[in-house]
There are 4 protein chains.
Amino acid sequence: MSTELPSNPVTSRLGSGTRAFRTVRQLAEAAVEVFEESGFHLAQVGDIAERAGVSRATFYNYFASKEELLRYLVLEAFPALLATRETTDETPWQRVRSSTDAYLRAYEQHATLMHVWSEAAARNDEMAGLLRDMRGPFLARTERSIRRLQEQGLASSALDATYAAHALTGMVSNFAYTWFVEGVAYERDRAVETLTTLWACSLGIEKEPDDLP
Amino acid sequence: MSTELPSNPVTSRLGSGTRAFRTVRQLAEAAVEVFEESGFHLAQVGDIAERAGVSRATFYNYFASKEELLRYLVLEAFPALLATRETTDETPWQRVRSSTDAYLRAYEQHATLMHVWSEAAARNDEMAGLLRDMRGPFLARTERSIRRLQEQGLASSALDATYAAHALTGMVSNFAYTWFVEGVAYERDRAVETLTTLWACSLGIEKEPDDLP
Amino acid sequence: MSTELPSNPVTSRLGSGTRAFRTVRQLAEAAVEVFEESGFHLAQVGDIAERAGVSRATFYNYFASKEELLRYLVLEAFPALLATRETTDETPWQRVRSSTDAYLRAYEQHATLMHVWSEAAARNDEMAGLLRDMRGPFLARTERSIRRLQEQGLASSALDATYAAHALTGMVSNFAYTWFVEGVAYERDRAVETLTTLWACSLGIEKEPDDLP
Amino acid sequence: MSTELPSNPVTSRLGSGTRAFRTVRQLAEAAVEVFEESGFHLAQVGDIAERAGVSRATFYNYFASKEELLRYLVLEAFPALLATRETTDETPWQRVRSSTDAYLRAYEQHATLMHVWSEAAARNDEMAGLLRDMRGPFLARTERSIRRLQEQGLASSALDATYAAHALTGMVSNFAYTWFVEGVAYERDRAVETLTTLWACSLGIEKEPDDLP
DNA sequence: GATGAATGAGATTTCATTCAT
DNA sequence: AATGAATGAAATCTCATTCAT
């Protein structure tokens with residue numbers, strides 16, 4: 001999995017006070033709105049440009065295509081999606097809870113983008129690659145964490161760490177999808193507690209007194 | 001959740017020996033192939049017709065649109081996807097394993113359709129509704145099963161049964177998606193065992209001697 | 001102008017009790033209905049066949065095309081449209097009135113056909129020719145009648161008989177069109193009286209006591 | 001009858017020197033030619049675009065459909081068709097003659113449009129409405145004029161002014177149709193004199209010395 | 001830097017017509 | 001005599017993209 005992310009092709013060249021910069025921002029924001037309403041394949045360049053208050057031709061001054069615009073949005077959101085604060089003074093249970101919570105919040109923040117991204121990834125190798133690039137660190141971290149727990153005797157050693165990491169991250173991301181994209185109404189606290197409990201118990205992590213609730 | 005599914009608009013009118021019936025079958029099979037290669041939005045009626053060995057016009061003799069064809073495929077696959085054999089002489093753990101296995105096999109059988117279906121559902125209310133109709137029984141069954149285990153003291157009563165049912169079915173279906181649609185290579189046995197273990201342990205179900213491996 | 005009308009290509013070959021004869025009748029009647037609703041150009045062979053209760057393919061067993069069907073209808077109606085009863089014991093004024101009345105009644109009887117016919121004639125030479133063939137006798141008769149009145153000193157000799165015949169027959173047919181095709185509501189008596197008066201007075205025919213009203 | 005005509009949707013937005021304006025003009029002119037050759041229903045957008053020297057897509061930049069283009073042409077021609085110069089120092093006979101002449105000239109100028117218009121009106125309510133809107137003023141004016149003559153004792157009071165107005169305007173427009181659309185060859189002077197004489201005499205208007213032809 | 005205008009290349013859909021049964 | 005089935009050949013309309021200003 002590549003850790004070298006291509007730097008953003010557009011904004012990196014642009015001073016933040018320029019007119020061009022503003023135009024790009026408008027297009028990016030318009031795109032998120034249009035993608036939310038129509039999805040990636042059905043979104044039209046014309047709609048995005050119109051919503052941004054510029055002409056279609058202007059769109060092409062900045063992005064070679066709809067795909068390129070999505071690429072821009074994805075690369076822009078990448079750091080925020082990957083960000084994690086590692087706190088060392090947490091119990092295993094707390095660590096599961098805080099990373100679940102962080103993931104759900106990041107997903108919520110970028111729900112539309114996540115949706116469109118996975119839509120595009122289904123038929124576009126580069127987008128699929130970027131998605132892998134993003135999932136990768138999560139999976140790797142989860143897998144490492146499972147192995148550590150197994151070594152410490154805190155998690156059942158019968159589990160295949162790799163498969164379990166895939167399954168559990170999938171559980172959370174799938175839950176986030178139905179919640180933030182499909183719009184099923186969940187309560188945050190209950191959602192976080194349920195996912196945390198399932199995750200932790202499935203690995204055999206025991207709840208300590210401090211973990212309440 | 002509705003259990004009355006509309007009967008299929010095409011085949012129900014057609015004797016199975018007629019030429020028309022054969023044409024519909026060819027179109028349906030061709031559609032699955034084309035959908036697999038191009039996805040729903042990018043698939044073209046022309047490609048489907050060509051692959052089926054008929055003219056575009058013939059397509060429209062049977063289906064009013066691409067959407068209608070998908071609807072046909074979905075309704076046709078519905079019974080197979082919903083089918084379950086309830087065996088009563090299983091331990092809880094075995095029951096988790098066999099339903100996981102059955103789900104994965106059904107998903108594999110209809111992987112392309114599941115993919116296209118979810119793609120279309122993202123922007124089509126009827127398809128989304130059908131997807132809910134299909135998920136519904138699974139969710140309800142899972143929820144009931146969790147409650148029963150809780151009542152019997154076999155599963156942790158701290159869990160919210162509804163949320164847990166969503167999370168766990170999502171875990172399995174998401175795993176199936178990456179496996180059969182995204183094409184990540186998993187070994188069947190290991191996948192089934194891992195998912196079963198995670199599911200069972202997360203609920204606090206204990207493995208009995210018979211449940212090996 | 002040709003007086004030899006081609007004999008009808010279909011019914012002439014058909015015994016009136018046969019199934020084929022009935023099918024042709026159904027198609028002809030259905031066609032009039034469909035033409036009335038959609039006009040000639042927008043009427044579809046499929047609609048006509050469906051309304052007749054037969055398949056599209058059956059249509060082509062009897063008519064080579066939509067045009068041919070219209071030709072059939074026109075030729076069938078021809079005799080009725082041309083029919084006139086010449087009564088010799090009428091005053092000139094009465095003769096104008098009775099031919100006006102007869103024309104209006106014939107037009108009403110065949111309003112849809114007249115409409116479709118003129119629609120088709122605008123872009124089809126054969127139909128245009130048939131329309132001329134039908135108008136011809138009227139024009140000729142009118143022209144002769146004007147000349148006779150002029151010779152007898154009953155009509156102004158300043159008028160060009162040919163032009164006047166065209167104008168006056170056009171007046172009546174145009175009135176019939178707005179009445180029976182466009183659906184403007186007229187009272188029959190008033191319509192006949194007005195048209196008769198205009199026609200007669202324009203030629204200088206004087207009303208005699210018997211002509212009341 | 002509405003006198004508020006919707007202002008033209010296209011040209012009103014366009015400066016007369018712009019390229020777009022020129023394109024619209026080319027399309028409008030091409031349309032008249034194509035309509036003349038093929039009629040409205042058979043005319044194809046592709047032919048119009050080709051004749052105008054632009055692509056089909058360009059057509060749709062300006063008109064949403066063939067119907068909309070016709071609407072444009074009709075609204076554009078409206079003022080010219082309604083224009084009348086009222087001269088007060090004419091005898092009744094002269095007034096009939098000059099308005100007949102004016103009508104025929106306007107019809108000739110826009111013969112193709114009149115033809116297509118009536119073709120479309122037969123199956124399109126908006127076009128039919130516009131046609132009524134255009135006929136309305138003529139009919140009203142004619143009717144008023146007949147009543148005035150009746151009050152002055154110059155025209156037979158036995159006539160129904162409304163019916164007579166319909167019949168006489170129909171006579172002239174029908175004559176114009178056969179002349180300019182069907183292509184029957186008439187001499188202008190003789191046509192105008194005949195129509196004028198018929199119209200005037202039918203109402204009982206007497207020719208004065210000045211009226212010689 | 002922005003955009004008005006134009007368009008190539010299709011996509012969907014329609015329908016008159018034919019063919020084999 | 002009738003028709004189920006298939007289709008060729010368009011017709012309409014769309015949209016991403018380019019060009020010239």
Side-chain angles (χ1 to χ4, degrees), chain A residues 14 18-24 42-49 52-69, chain B residues 13-15 18-24 26-27 41-49 52-67, chain C residues 14 18-24 42-49 52-69, chain D residues 13-15 18-24 41-49 52-67:
Chain A
L14 254 36
T18 61
R19 185 171 177 191
F21 182 83
R22 250 176 300 132
T23 303
V24 169
L42 298 183
Q44 294 175 208
V45 171
D47 295 342
I48 296 171
V54 301
S55 78
R56 270 201 301 251
T58 299
F59 177 96
Y60 287 96
N61 285 341
Y62 296 101
F63 303 103
S65 65
K66 204 166 54 165
E67 280 75 16
E68 178 110 353
L69 169 54
Chain B
R13 290 200 314 262
L14 252 36
T18 63
R19 185 173 177 192
F21 182 84
R22 252 174 297 135
T23 302
V24 169
Q26 285 161 19
L27 283 168
H41 290 303
L42 299 182
Q44 290 172 216
V45 171
D47 296 342
I48 296 171
V54 301
S55 77
R56 267 203 294 270
T58 297
F59 177 96
Y60 287 99
N61 281 344
Y62 297 99
F63 303 102
S65 63
K66 204 168 56 168
E67 279 74 16
Chain C
L14 255 34
T18 62
R19 183 171 179 192
F21 182 84
R22 249 177 301 133
T23 302
V24 169
L42 299 182
Q44 295 173 206
V45 171
D47 296 342
I48 295 171
V54 300
S55 77
R56 273 202 298 250
T58 298
F59 178 96
Y60 288 96
N61 284 342
Y62 297 100
F63 302 103
S65 65
K66 203 166 56 165
E67 279 74 16
E68 178 109 353
L69 169 55
Chain D
R13 287 202 314 263
L14 253 35
T18 63
R19 186 171 176 194
F21 182 84
R22 251 174 298 134
T23 302
V24 169
H41 291 302
L42 299 182
Q44 293 173 212
V45 170
D47 296 343
I48 296 171
V54 300
S55 77
R56 266 203 295 268
T58 296
F59 178 95
Y60 287 100
N61 281 344
Y62 296 100
F63 303 102
S65 63
K66 204 167 58 168
E67 280 74 15

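Letters A, B, ... mirror the listed sequences (proteins, then strands); counts begin at 1.
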Enquirer: Mapping C:V45 and B:Q44 onto DNA chain E by nearest heavy atom, which one lands closer to the 5' end?
Expert: B:Q44
Enquirer: By side-chain contact (heavy atoms from CB on, under 4.5 Å), which residues pair with C:A49, not counting sequence neighbours?
Expert: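 Scan of C:A49 (side-chain contact (heavy atoms from CB on, under 4.5 Å), adjacent residues dropped) gives C:V54, C:R56.
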Enquirer: Rounding to an integer number of Å, can you tell me how far B:F63 CZ sits from E:dA11 C1'?
Expert: 19 Å
Enquirer: In whole angstrom, what separates B:I48's CD1 from E:dA11's P?
Expert: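 Going from B:I48 (CD1) to E:dA11 (P), I get 12 Å.
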Enquirer: Provide a list of protein-nucleic acid N or O atom pairs under 3.5 angstrom, restricted to nucleotides 6-8 of chain E.
Expert:
| unit_1 | atom_1 | unit_2 | atom_2 | d |
| --- | --- | --- | --- | --- |
| E:dA6 | OP1 | D:T23 | OG1 | 2.5 |
| E:dA6 | OP2 | D:Y62 | OH | 2.5 |
| E:dA6 | N7 | D:N61 | ND2 | 3.4 |
| E:dT7 | OP2 | D:S55 | N | 3.1 |
| E:dT7 | OP2 | D:T58 | OG1 | 2.8 |

Enquirer: Between atom CZ of C:F59 and atom CD of C:E68, what is the distance when rounded to the nearest 0.5 Å?
Expert: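 Reported to 0.5 Å precision, the distance equals 9.0 Å.
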Enquirer: Only counting residues at least two apart or in another chain, list the ones meeting side chain to side chain donor-acceptor pair (under 3.5 Å) with A:T58.
Expert: A:S55
Enquirer: Mind checking which stems touch DNA chain F? I mean at least 3 consecutive Watson-Crick or G-U pairs, both distances under 3.5 Å.
Expert: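 Listed by first number, the stems are E:2-21 with F:2-21.
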Enquirer: Residues in side-chain contact (heavy atoms from CB on, under 4.5 Å) with D:E67, at least two apart?
Expert: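 If we apply the side-chain contact (heavy atoms from CB on, under 4.5 Å) test to D:E67, skipping adjacent residues, the hits are D:F40, D:S65, D:N124.
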Enquirer: Taking for each residue the nucleotide of DNA chain F with the nearest heavy atom, is it D:S65 or A:Y60 whose nucleotide lies nearer the 5' end?
Expert: D:S65
Enquirer: Rounded to whole angstroms, how far apart are CG on B:D47 and P on E:dA11?
Expert: 7 Å
Enquirer: So which atom in B:H41 and which in B:K66 form the shortest heavy-atom distance, rounded to 0.1 Å?
Expert: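 The pair with the smallest heavy-atom distance is O-NZ, 3.3 Å.
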Enquirer: To the nearest 0.5 Å, how far apart are CG in B:L27 and CZ in B:F63?
Expert: 6.0 Å
Enquirer: What is the distance from NE2 of B:H41 to P of E:dA11, rounded to the nearest Å?
Expert: 16 Å
